[in-house]
Amino acid sequence: MKKKLLFYLCSMLCAQGVFAQSSLPITSSANALFGNNAKAGKYADIRGFKMYYEVYGTGKPLLLIHGNGGSIENFKNQIPYFAKSYKVIVADSRAQGKSTDASDSLSYEMMADDLNELLNKLHVDSCNVIGWSDGGIDGLLLATRHPEKVKKLAITGANLWPDTTAVEASLFNWIVSVNDSLAKVQQTASVKVQKKLLNLMVFNPNIKTADLKNVKCPTLVIGGDHDVILPRHTMIIAESIPKSYLWILPNSGHSTLVVYKNIFNQVVRDFFKAPYRTQKGMAQLE
């Protein structure tokens, strides 16, 4: 019973994200289950594993990146909205969703490079990017490691390092204890996958604020005022990126793009459309 409870807690944690191709018109797949759409789904050979991805809509490319233990389905509130005016590319990250990966290690840098290779295979030179939670971390690393790929970046619930100055203390300590407990049970294939995902949150990322000076694209940094990623940490991220906007949603936790899906989609769309504006001097009174 103890083992079953542990696996349940791990699954719940990951499911919440605390952790020249043809595209399918969104109107023809209104009843499709995002993340399991036979018409839109494909596999690509990416750096030693098969990455599952789906493409919807037409227009300029937009990449969506899910959080820890998540999948394409996490963006069910964004795909129909943005596919009306963008070519939406959304994938299951390495060792998550339908993208299986038998390797022992997993890092955010690996996943950022995976996404870069997927864009190469899709002949996408550059795109807008939305990243949620771990997907926001991947977005930041994609923008620093492959800056030519990212036109504009919107991230919500991302962190730069793994400790209680960045993550709410009781949750972070609980994740550490679950990870320690998981190391003591039989290391089956499913346990190893869960361990890889938990290791990401316990020991990673390790991004310095100085690294964010290399994010050259305009970036919208988002968080909830009751997010598990502390608002002051979200502010540090925004302050460290040369061309950034900061948006803290009131009365919001980690799932900004779920609970406040309508306003989230609208604000991010407007951010993508409008030129970045620097406000200095008297303009700051506007």
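No hydrogens, no waters, no symmetry mates; every other heavy atom, side chains included, goes into these values. Model, not experiment: these values are computed from the prediction.
For the residue pair Ile237 and Leu212, the shortest heavy atom distance occurs at O-CD1, 3.9 Å. The two atoms that bring Ser252 and Asp225 nearest to each other are N-OD1, 3.0 Å, heavy atoms only. What you find for Leu119 and Leu63 is that their closest heavy atoms are CD1-CD2, 4.3 Å. Nearest heavy atoms, Pro242 versus Tyr276: O-OH, 4.0 Å. The heavy-atom pair separating Phe203 from Asn179 by the smallest distance is CE1-ND2, 3.9 Å. Nearest heavy atoms, Ala112 versus His146: O-CD2, 4.4 Å.
No donor-acceptor contact under 3.5 angstrom links the side chains of Asn204 and Asn199, judged on distance only. With hydrogens and angles left out, the side-chain atoms of Asp227 and His254 include a donor and acceptor closer than 3.5 Å. Judged by distance alone, the side chains of Asp92 and Tyr53 never bring a donor and an acceptor atom under 3.5 Å apart. The closest side-chain donor-acceptor pair between Arg269 and Tyr81 falls under 3.5 angstrom. If you check the side chains of Thr188 and Ser190, you find a donor sitting under 3.5 Å from an acceptor. Side-chain polar atoms of His233 and Thr165 form no donor-acceptor pair below 3.5 angstrom.
Heavy-atom neighbours of Lys213 NZ from other residues, nucleotides or ligands within 6.0 Å: above the threshold of 12. Atom NZ of Lys261 has 12 or fewer neighbouring heavy atoms from other residues, nucleotides or ligands inside a 6.0 Å radius.
Taking 4.5 Å as the limit, some side-chain heavy atom of Tyr52 sits within range of a side-chain heavy atom of Ile72. Residues Ile89 and Leu118 meet the side-chain proximity criterion, which asks for heavy atoms closer than 4.5 Å. Pro162 places a side-chain heavy atom less than 4.5 Å from the side chain of Asn206. Contact check for Ser126 versus Lys151: side-chain heavy atoms found under the 4.5 Å cut-off. Residues Val268 and Phe264 are in side-chain contact: their nearest non-hydrogen atoms beyond the backbone lie under 4.5 Å apart. Residues Lys149 and Pro147 are not in side-chain contact: their nearest non-hydrogen atoms beyond the backbone lie 4.5 Å or more apart. At least one side-chain heavy atom of Trp132 sits under 4.5 Å from a side-chain heavy atom of Ser255. Annotation: side chain of Pro61 is not in contact with side chain of Tyr86 (no heavy-atom distance under 4.5 Å).
For the pair Thr219 (side chain) and Cys217 (backbone), a donor-acceptor distance under 3.5 Å is present. Panel note: side chain Lys60, backbone Lys87; no donor-acceptor pair is recorded below 3.5 Å. Not a single donor-acceptor pair under 3.5 Å links the side chain of Ser99 to the backbone N or O of Ala95. Side-chain N or O atoms of Glu54 include one that pairs as donor or acceptor with a backbone N or O of Asn37 at under 3.5 Å. Asn36 places no side-chain N or O within donor-acceptor distance of the main-chain N or O of Leu33, the cut-off being under 3.5 Å. For the pair Asn173 (side chain) and Ala169 (backbone), a donor-acceptor distance under 3.5 Å is present.
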Exercise. Could you give me the CA-CA distance, side-chain angles and deciding distance for Phe75 and Val88, then say whether side chain to side chain contact (heavy atoms under 4.5 Å, CB included) is met?
Key: CA-CA 11 Å; Phe75 288 108; Val88 176; over 6 Å; no
Quiz prompt | side chain to side chain contact (heavy atoms under 4.5 Å, CB included) evaluation trace for Ile65 with Val129 | solution = CA-CA 8 Å; Ile65 315 174; Val129 177; 3.7 Å; yes
Quiz item: Taking it one step at a time, do Glu109 and Arg145 satisfy side chain to side chain contact (heavy atoms under 4.5 Å, CB included)?
Solution: CA-CA 8 Å; Glu109 289 78 8; Arg145 295 167 72 87; 3.5 Å; yes
Quiz item: Is there a side chain to side chain contact (heavy atoms under 4.5 Å, CB included) between Ile130 and Leu62 once you walk through the steps?
Solution: CA-CA 8 Å; Ile130 299 174; Leu62 168 63; 4.1 Å; yes
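To the nearest 0.5 Å, the span separating CG on Asp138 from CG on Asp113 amounts to 10.0 Å. Between the CE atom of Met111 and the CD atom of Gln96 there is a distance of 5.5 Å, given to the nearest 0.5 Å. The structure places OG1 of Thr156 at 8.5 Å from CH2 of Trp247, a figure rounded to the nearest 0.5 Å. Between the CD atom in Gln266 and the CG atom in Asp270 there is a gap of 5.5 Å [rounded to 0.5 Å]. Note that the CG atom of Leu257 and the CD atom of Gln78 stand 4.0 Å from one another [nearest 0.5 Å]. Atoms CG and CG, from Leu64 and Asn128 in turn, are 10.5 Å apart once rounded to the nearest 0.5 Å.
Arg277 has a carboxylate O that lies under 4.0 Å from a charged side-chain N of Glu286, or vice versa, which qualifies the two as a salt bridge.
Residues Met110 and Leu140 do not share a hydrophobic cluster, clusters being chains of Ile/Leu/Val/Met/Phe/Trp/Tyr side chains in contact below 4.5 Å. Linking Ile, Leu, Val, Met, Phe, Trp and Tyr residues whenever their side-chain heavy atoms come within less than 4.5 Å places Leu200 and Trp161 in a single cluster. In the hydrophobic clustering of ILVMFWY residues, with side-chain heavy atoms under 4.5 Å counting as a link, Leu246 and Leu230 come out apart.
For Asp101, the salt bridge (charged side-chain N to carboxylate O under 4.0 Å, His left out) test picks out Arg94, Lys196, with sequence neighbours left out. Residues meeting the salt bridge (charged side-chain N to carboxylate O under 4.0 Å, His left out) test with Lys195, sequence neighbours left out: none. Evaluation of the salt bridge (charged side-chain N to carboxylate O under 4.0 Å, His left out) rule for Asp104 yields no partner, not counting sequence neighbours.
Taking the ring centroids of Phe82 and Tyr56, they lie at or beyond the 6.0 Å cut-off.
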